[in-house]
Amino acid sequence: MTDPERTKKPAGPCVVVIFGASGDLTRRKLAPALYNLAQAGLLSEHVAVVGFSGSSFADEAFRQRLGDDLRRFAEASFDAAAWDRLAARIFYSQGDAHDPAAYARLQQALARASERFGAGRNYLFYLATPPSLFGEIARQLGAAGLTSEDGGWRRIVIEKPFGHDLDSAVALNRELQRIVDERQIYRIDHYLGKETVQNILVFRFANGIFEPIWNRRYVDHVQITVGEELGVETRGRYYEEAGALRDMVPNHLFQLLALTAMEPPASFEANAVRDEKGKVLQAIQPIVPEDVLRRTVRGQYGAGTVLGEDVPAYRGEPRVAPDSTRETYAALRVLIDNWRWADVPFYLRTGKRLPKRLTEIAIQFKRAPAVLFRQSGVARPEPNELVLRIQPDEGIALRFGAKVPGAVLRIGPVDMDFCYADYFGSTPSTGYETLLYDCMNGDATLFQRADNVEAGWRIVAPVLDVWNAIPPRSFPNYAAGSWGPGEADDLLARDGRAWRTP
Ligand code: BG6
């Protein structure tokens with residue numbers, strides 16, 4: 001993780017090569033993130049960027065296109081002079097990712113850019129391409145001699161999804177590790193770039209008062225929710241393949257779970273943090289096939305109303321089969337078999353077309369004994385709850401019971417609420433700034449190690465198998481704009497619990 005002192009220094013010299021340079025991720029996230037880093041004074045004077053894709057652009061046309069998008073997405077905060085300074089360092093190299101000649105041209109473009117800006121021989125290869133190209137590009141880079149660290153470092157950033165299941169993730173890891181060393185591979189999970197996600201560790205380990213109660217003696221259960229009000233938009237084809245479970249759980253939700261449940265690492269050094277995350281994921285009790293239908297819930301949205309707007313069912317979305325059985329909602333009950341968390345359920349849920357966009361981790365503590373209040377005829381006090389709001393409206397709230405003023409003894413829940421924006425203001429961020437900056441500095445703490453990715457897939461593997469073998473009975477089973485299928489409520493009701501209504 002980036003320490004505050006170091007963030008004041010610009011990252012080291014390098015050339016950033018973006019594969020998939022004409023794609024959405026480059027336009028919406030990577031170019032704006034580079035711009036924000038430049039604005040914050042965190043890019044080296046000796047940095048250059050080379051975009052690579054199959055489309056044909058002159059350097060100037062490529063810069064123009066990125067600039068136009070940036071102006072559109074950044075709105076008020078766009079500073080044309082600052083963009084021009086960055087744009088002068090951006091170049092474009094056209095080529096087919098399967099064609100060795102394209103890598104020879106790229107090599108020349110890299111050498112030119114590097115010489116012009118004194119970037120040295122440090123190359124960061126960002127694979128913002130469809131996953132089917134990850135292995136191919138790495139192989140071609142290797143064959144062109146671009147991955148060997150002669151006179152500079154070479155790093156490869158791999159976007160999500162990393163594999164489609166356990167076998168394909170293991171195969172991709174093996175393939176990459178044949179070409180480069182594990183320390184050269186930076187697997188992205190963009191949730192780890194979110195300030196509030198990084199804050200989970202700070203909150204837990206920089207404050208003396210929470211850690212002593214962060215365990216099975218005090219915690220009743222944990223709920224992790226990643227909800228989106230959006231549907232699948234234009235990504236029907238991808239989503240028909242992926243579904244909610246693959247798309248969100250082994251990566252984003254398990255990262256949130258790992259940061260919430262891990263032991264304190266010995267340091268914030270990359271491997272120390274990733275070792276601890278790995279241990280938690282490995283301690284997750286395997287979901288045996290016979291238990292899958294009892295411990296998991298899948299759902300698909302039907303037509304409904306979201307934020308006051310009528311929206312179609314998933315089956316009516318573009319590029320989605322009219323009888324699709326793909327899930328757009330997934331919920332799981334997970335147990336972590338270690339001393340800290342034995343018997344404390346972690347309930348995870350994620351879905352499209354829920355009532356609003358919301359990511360939060362809610363720690364629900366055990367109730368206070370009811371004895372005292374039973375005698376005074378007062379309703380049993382509600383359990384304390386600590387909610388880490390990851391997005392939007394980033395903050396942390398602690399709920400506790402207080403006496404409602406008046407002659408009669410009544411207890412009401414109140415919140416102590418910290419809002420990020422109130423304390424720190426808000427700075428423009430795509431979530432990719434820290435990730436790019438850390439990668440330029442060789443800090444892999446916020447990136448996934450091979451074993452972490454495989455552990456995530458290993459946990460969901462039986463769920464994928466059983467869901468695949470037993471088709472859902474009644475899709476669609478939740479209306480767009482609701483908090484998901486009724487079965488998800490049953491999942492908690494069986495344990496005498498209920499989902500929070502955020
Ligand atoms: C992506 C998923 O990884 O994360 C998308 O593929 C999802 O389906 C997105 O919408 C959510 O990210 P964020 O940052 O908007 O919460």
Side-chain angles (χ1 to χ4, degrees), residues 20 23-30 32-33 36 73 126-132 134 157-165 169 187-200 224-257 259 298-301 306-307 311 314 317-320 324 326-330 348-361 388-394 420 426 428-436 446-448 453 456-457 460 480 484 502:
D24 229 38
L25 186 71
T26 307
R27 305 168 69 179
R28 285 175 183 270
K29 302 285 186 187
L30 302 181
N36 289 338
F73 298 131
Y126 198 117
L127 275 48
T129 63
S132 55
F134 294 163
V157 181
I158 310 273
E159 258 298 332
K160 173 182 161 275
F162 195 95
H164 185 71
D165 53 19
R187 298 173 193 78
I188 287 249
D189 182 313
H190 79 277
Y191 266 56
L192 294 174
K194 295 180 192 283
E195 282 290 339
T196 40
V197 172
Q198 292 165 45
N199 187 48
I200 299 171
I224 302 182
T225 300
V226 180
E228 295 181 274
E229 86 273 11
L230 293 176
V232 291
E233 300 182 287
T234 53
R235 298 166 73 219
R237 183 177 294 163
Y238 158 76
Y239 211 77
E240 281 282 88
E241 285 288 313
L245 185 71
R246 279 192 178 87
D247 188 40
M248 301 295 288
V249 177
N251 34 65
H252 308 326
L253 274 97
F254 282 172
Q255 285 301 317
L256 297 177
L257 176 144
L259 291 168
R298 56 189 151 164
Q300 186 193 76
Y301 60 84
V306 179
L307 302 175
V311 296
Y314 174 67
E317 301 277 16
R319 297 180 175 188
V320 168
S324 172
R326 186 48 76 204
E327 84 284 356
T328 59
Y329 176 99
L348 275 44
R349 62 175 165 170
T350 182
K352 301 269 184 206
R353 289 288 190 222
L354 299 187
K356 55 180 169 184
R357 175 167 187 253
L358 170 120
T359 299
E360 64 167 37
I361 300 165
L388 309 179
R389 291 193 306 270
I390 305 296
Q391 65 183 16
D393 184 24
E394 292 83 356
Y420 256 78
S426 52
S429 164
T430 63
Y432 280 75
E433 288 79 1
T434 312
L435 297 175
L436 280 168
L446 297 178
F447 294 84
Q448 299 236 66
V453 171
W457 280 118
V460 298

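Below, each value reflects all heavy atoms present in this structure, side chains not excepted, and no hydrogens, waters or symmetry copies. First listed ligand is number 1; within each ligand, the first listed atom is number 1. Index from 1, following the sequence.
Look at E229 and R357 and you find no salt bridge, because none of the NZ, NE, NH1 or NH2 atoms lies under 4.0 Å from a carboxylate O. With respect to the salt-bridge test (charged N to carboxylate O, under 4.0 angstrom), the residues D24 and K29 do not qualify.
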Chi angles and distances behind the side chain to side chain contact (heavy atoms under 4.5 Å, CB included) call for Q300, Y329: CA-CA 6 Å; Q300 186 193 76; Y329 176 99; over 6 Å; no
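Annotation: cation-pi pair R187/F447 absent, no NZ/CZ under 6.0 Å from the ring centroid and within 45° of its normal.
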May I have a table of the N/O to N/O pairs between ligand 1 and the protein that fall below 3.5 Å, each row giving the two atom names and the distance to 0.1 Å?
from	atom 1	to	atom 2	distance (Å)
ligand 1	3 (O)	K160	NZ	2.7
ligand 1	3 (O)	H252	NE2	2.7
ligand 1	6 (O)	K160	NZ	3.0
ligand 1	6 (O)	R235	NH2	2.9
ligand 1	6 (O)	D247	OD1	2.6
ligand 1	6 (O)	D247	OD2	3.4
ligand 1	8 (O)	R235	NH1	2.8
ligand 1	8 (O)	D247	OD2	2.6
ligand 1	8 (O)	K352	NZ	2.8
ligand 1	10 (O)	E228	OE1	3.3
ligand 1	10 (O)	E228	OE2	2.5
ligand 1	10 (O)	K352	NZ	3.1
ligand 1	12 (O)	H190	NE2	3.1
ligand 1	14 (O)	H190	NE2	2.8
ligand 1	14 (O)	K194	NZ	2.6
ligand 1	15 (O)	R357	NH2	3.3
ligand 1	16 (O)	Y191	OH	2.5
ligand 1	16 (O)	Q391	NE2	2.7

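With no hydrogens or angles considered, a side-chain donor-acceptor pair links Q255 and Q448 at under 3.5 Å. Defined by atom type and a distance below 3.5 Å, a donor-acceptor pair is present between the side-chain atoms of N36 and E433.
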